[in-house]
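These notes are about the structure you will find just below.
Every chain is numbered from 1 and lettered A, B, ... according to where its sequence line falls, protein lines coming before strand lines. This is a predicted model, so every value here is computed, not measured. Side chains included, hydrogens not; waters and symmetry mates left out as well; all remaining heavy atoms used.
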Amino acid sequence: MSPTSETAKGGRRLVIVESPAKAKTIKGYLGPGYVVEASVGHIRDLPNGAAEVPAKYKGEPWARLGVNVEKDFQPIYVVNHDKKDQVKKLKELLAESDELFLATDEDREGEAIAWHLQEVLKPKVPVRRMVFHEITKDAIQAAVASPRELNKKLVDAQETRRILDRLYGYEVSPVLWKKVMPRLSAGRVQSVATRLVVERERERIAFRSAEYWDLTGTFDTGRPGDNSDPSTLTARLASVDGKRVAQGRDFGSNGLLKDSAQVLHLDEANARALAAALADASFAVRSVESKPYRRSPYAPFRTTTLQQEASRKLGFGAKATMQVAQKLYENGFITYMRTDSTTLSDTAVNAARAQVTQLYGADYLPEKPRTYAGKVKNAQEAHEAIRPSGDRFRTPAETGLTGDQFRLYELIWKRTVASQMKDATGNSVTVRIGGRASDGRDAEFSASGKTITFHGFMKAYVEGADDPNAELDDRERRLPQVTEGDPLAAREITADGHATKPPARYTEASLVKELEEREIGRPSTYASIIGTILDRGYVFKKGTALVPSFLSFAVVNLLEKHFGRLVDYDFTASMEEDLDRIARGEAQAVPWLRRFYFGEGTEGAAGGAAEAGNGDGDHLGGLKELVTDLGAIDAREVSSFPVGEGIVLRVGRYGPYVERGEKDAEGHQRADVPADLAPDELTVEYAEELLAKPSGDFELGTDPGTGHQIVAKDGRYGPYVTEILPEGTPKTGKNAVKPRTASLFKSMSLDTVTLEDALKLMELPRIVGKDAEGTEITAQNGRYGPYLKKGTDSRSLETEEQLFTITLDEALAIYAQPKQRGRAAAKPPLKELGTDPVSERPVVVKDGRFGPYVTDGETNATLRRDDDVETITPERGYELLAEKRAKGPAKKTAKKAAAKKAPAKKTAAKKTAAKKTAAKKTTTAKTTAAKKTTAAKKTTAAKKTTAKKVAAAAEAAAE
DNA sequence: CAGTGAGCGAGCTTCCGCTTGACTT
């Protein structure tokens, strides 16, 4: 496989493409003298997080962004971790070459990859940019013969896009961490995708169904029927006394008629009365209308249409489709699968036409090849449509493929062949039938049919439908051959009730389609967009439907209210326009970014030609300002949704819950909402039901001793069991009784814990015995695990089982030992790393609350994600400590200075709360303490925000 | 969102878009 072995003597050329599969193909077309290798996508990017930021930028306030927002948005680029080997290989190959051809895709990203390659490889030989749109020998050789220069403006446009996405994502996500829940995310693409799903659900919630009725009549021609001339036809009531009968589409989403003057709304009684009045009526054909029918084939596949059809016809998710397609591509069965183009190369058109003639005959072949104009607005057209590869398409049977690969290939093959076939033609017929009811009303029924006289492309391929009730294109519906005036007998007339349905939820495929239409996302990302919003818990799947979570309602609500422009559906489209201007040299990246980030009116922005979006002229503030001043964002408000009857749904840190009344007030109720409840199913009645019974309980049974019901729950500190006290037990006041509670052991789980386990757990704390002085020793389970307690002296136990088994002698033996202070002291270090060269202290690895860390007794540094206790070297340990020392003190003092008051208060508040809780005089005291803690926390949060604001202002001033 | 004993190292989460393996399930 060594590419150099194929290289001819002298005049070696290195050609770099993006994909290894492509490299393999092209290699064969270029022959000796050329080495073809892949970059395997992008090779450099902005640093992902703090760990990837080069040391020299670490202290910078903008290091976290990877973009120097203080100096013309200069990006920091680092070679992607997983591309280091590939870059090394490319460098080696380049060292043996006399010329470099950058043959990445001809689109914005491809141009950028080429530029990054040039920057990283630093070639000393001539560099050429070479592009091609078709992988054939002629096209490739022509491309080599006529290279061009790198288009730096196009690269600028890509870089601007990259920086904007970074600023958006890395500035807005932390707002969500603070205001909604940690680890959430926001982004130009995912947030709009989420918003689409949320908005559809809002429509469903607001939707009011309408009931309407109509009649269906079965009419008989009185002739014996056959296949081409059935004896009966089924027709629906179309109008009464000339007034059209209302159908589903006549109703709005509010359940009311859109235009009540024009249509007749039949209710059940009315419909039944009319049916009865028509029972003995005589009917005749009033009109027969025949129109030619013509249908053209669908365009060849691009990524989105392939995902949609694979979903409809094969039941594949977007990700599965792409994985199967990737395999087909790698093994040379199909062309590239991430494309927004429906264009077929000449080679492909010829192959398709040859196959049409061979399989279906010349009658099915149009005179001229069909071409499909690009439908996608921001298409970059770097690739062909998705089609079988080669200049002669293999039939599915010839491929030898099996399973999913076979099915997907067959789909692609059929669609491609069909795209070069003739239109399907036929007739569509509408028959109107009239009759007079016994009450004098005139009723007109209507039926329509379709006959296909020439199937054309439908012989090969018919597109599926999202709606399972929808009729497919090639379905024929034949009506009896009747002419105007023909008498018909009504065999049966029935009244049918209907209800209008809310708009359907998105599926993966339909959401991707929507995103493409709105120019949001790219072929290479459609599948992962779905993955992202699923991973974040913004949506979940119910069958194939994408259902938004309550969490996504809170997130979208916040974004709409405070970052409206960023989740505007036209934001991306307008960005694309601006990027195009940058690519054409009509606008400059830096002023554009400055306007986006710092807002209008900032220095330099006025001179820029770029207009940061159209239609958002009312917005002058920049992103920076929006994420700095968070005081205006009321976290409680954005995550509260009224349900009705005084019930509010709230999205808390632990998930959604419903609440009635104020906390601690009389009549306050609260209950968890199942995480997989679809928002449109949360009715007032359901909320009442949830509030009526304690939620999330696993009912274990009754304690034979007390008669109290025992339940298992999942609480803040994990699963636990507790008892339900009978009605009327005072929960507050002097005689308050607290239910017994106990955490589950690690070995137990909520769904398997038994009543016996629970009763045993609730016996804790267990009295083990008394020591020589008569002080009671108890065994109990606490926050840090099982422990013994003697007065104020506590000792950890090793296992939870010991809580039940430990004897007095064993307990006394433990107390005879000196107290082990803290967890770290109790455990030996995980590893010893020798002596630190700087502090000259012994360095060890320990396990702490936040995972393993290295310490020399003075400085501590947590191991990074890539470090491993087993494999860590002493040198790495010293390095971590040195890093920590380098930034530690500076950061610490800064932090202390900035947030001095807040932590002090917090500690004080905590202590107060702890003391009062410990005192446990009454539950009232406890409630007060809890309240105070909450209040203190709020103050702390507010203070922190203020402190940050001050810091930000200082930064701005320093500029 | 139960409320239980001490002492004490933070660091990281996150974006979009271009590509495949290397992993585990």
Side-chain angles (χ1 to χ4, degrees), chain A residues 18-22 38-43 45-46 48-51 64-66 80 82-83 86 104-105 107-110 112-113 158 161-174 176-177 182-191 326 330 338 521-525 528-529 532 536 652-655 657 659 663 670-672 695-696 713-718 720-722 738-739 741-743 765 780-785 787-789 792-796 819 821-825 846 848-851 853-855 859-862 864-865 884 888 914 917-918 920 926 930:
Chain A
E18 284 177 42
S19 142
K22 206 175 188 178
S39 72
V40 200
H42 273 293
I43 55 155
D45 193 10
L46 302 174
N48 237 322
R64 163 186 90 73
L65 299 170
N80 297 355
D82 56 341
K83 298 291 164 56
Q86 193 63 19
T104 48
D105 296 346
D107 56 18
R108 204 160 63 206
E109 298 295 328
I113 293 174
Q158 190 275 346
R161 198 273 313 151
R162 180 68 191 92
I163 293 171
L164 174 125
D165 282 332
R166 167 54 62 93
L167 295 175
Y168 185 144
Y170 274 37
E171 290 286 29
V172 181
S173 298
L176 299 180
W177 305 342
R183 288 171 177 275
L184 295 180
S185 62
R188 175 174 56 83
V189 171
Q190 60 168 293
S191 294
Q326 174 85 29
E330 282 169 17
R338 292 185 274 263
R522 301 282 312 140
S524 65
T525 61
S528 60
I529 295 165
T532 300
R536 297 282 170 273
R653 303 227 137 201
Y654 313 107
Y657 59 95
E659 191 174 41
K663 205 178 173 217
R670 169 132 89 176
D672 279 335
S695 62
K713 295 179 163 198
D714 201 12
R716 169 70 184 86
Y717 305 119
Y720 67 102
V721 288
T722 188
K738 277 196 344 165
T741 61
S743 286
Q780 44 199 303
N781 207 8
R783 164 135 196 234
Y784 308 105
Y787 68 103
L788 291 173
K789 187 177 157 157
T792 56
D793 194 4
S794 66
R795 302 294 167 92
S796 282
K819 180 162 170 103
R821 296 184 65 82
R823 272 169 69 185
K846 288 185 176 181
R849 204 156 39 117
F850 308 115
Y853 65 101
V854 286
T855 177
T859 309
N860 304 306
T862 306
R864 300 294 196 273
R865 210 176 15 189
K884 187 66 198 298
T917 315
K920 258 190 215 169
K926 218 178 70 194

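Under 4.0 angstrom from either OP1 or OP2 of dT14(B) there lies no side-chain N or O belonging to Arg188(A). Regarding contacts with the backbone of dG17(B), a side-chain N or O of Thr525(A) is found under 4.0 angstrom from either OP1 or OP2. Here Gln158(A) does not reach the OP1 or OP2 of dG17(B): none of its side-chain N or O atoms lies under 4.0 Å away.
The nucleotide whose nearest atom lies closest to any side-chain atom of Ser524(A) is, among dA2(B), dT14(B), dC18(B), dC18(B). With dG17(B), dC18(B), dG9(B) as the choices, the nucleotide that has an atom nearest any side-chain atom of Arg161(A) turns out to be dG17(B). Closest contact between the side chain of Ser19(A) and the listed nucleotides dG9(B), dC15(B), dT19(B) involves dT19(B). With dC12(B), dT14(B), dG9(B) as the candidates, the nucleotide lying closest to the side chain of Ser185(A) is dT14(B). The side chain of Tyr853(A) approaches dG9(B) more closely than any other nucleotide in the set dT19(B), dG9(B), dG17(B). Of the candidate nucleotides dT14(B), dC18(B), dT20(B), dT20(B) has the atom lying nearest to any side-chain atom of Arg338(A). Nearest to the side chain of Arg162(A), among dC1(B), dG17(B), dC16(B), sits dC16(B). Taking the side chain of Asn860(A) as heavy atoms from C-beta on, and the options dA2(B), dG9(B), dC15(B), the nearest nucleotide is dG9(B). Nearest nucleotide to the Pro182(A) side chain, out of dT13(B), dC16(B), dC18(B): dT13(B). The side chain of Val40(A) lies closest to dT20(B), out of dC15(B), dG17(B), dT20(B).
Following rounding to the nearest Å, Leu46(A) (CG) and dC15(B) (P) show an atom-to-atom distance of 14 Å. Separating the NE2 atom of His42(A) from the P atom of dC18(B) is a distance of 7 Å, rounded to the nearest angstrom. When the P atom of dG17(B) is taken as reference, atom CG of Leu164(A) falls 11 Å away, rounded to whole Å. Look at CG on Asn48(A): it is 13 Å from P on dC16(B), rounded to the nearest Å. The CD1-P distance, from Ile43(A) to dT19(B), rounds to 14 Å in whole Å. At whole-Å resolution of the value, CG in Leu176(A) and C1' in dT13(B) are 12 Å apart.
Ionic pairing of Glu109(A) and Arg161(A) is present here: one or more N-O contacts between side-chain nitrogen and carboxylate oxygen are shorter than 4.0 angstrom. Note on Glu330(A) versus Lys22(A): no salt bridge recorded, every NZ/NE/NH1/NH2 to OD/OE distance being 4.0 Å or above.
In dG7(B) the O4'-C1'-N dihedral to the base is more than 90° from 0, which defines an anti nucleotide.
Between the side chains of Ser524(A) and Arg338(A), no donor-acceptor pair of N or O atoms lies under 3.5 Å. For the residue pair Arg670(A) and Tyr657(A), a side-chain donor N or O sits within less than 3.5 Å of a side-chain acceptor on the partner. In this structure, a donor-acceptor pair under 3.5 Å is absent between the side chains of Gln86(A) and Ser39(A).
Shown here for Ala186(A) and Val172(A), the closest heavy-atom pair between the two residues is CB-CG1, 3.6 Å.
Residue side chain Asp45(A) does not reach the base of dC18(B) through any donor-acceptor N/O pair under 3.5 Å, judged by distance alone.
When heavy atoms are screened at a 4.0 angstrom cut-off, Arg522(A) is found touching the sugar-phosphate backbone but no base atom.
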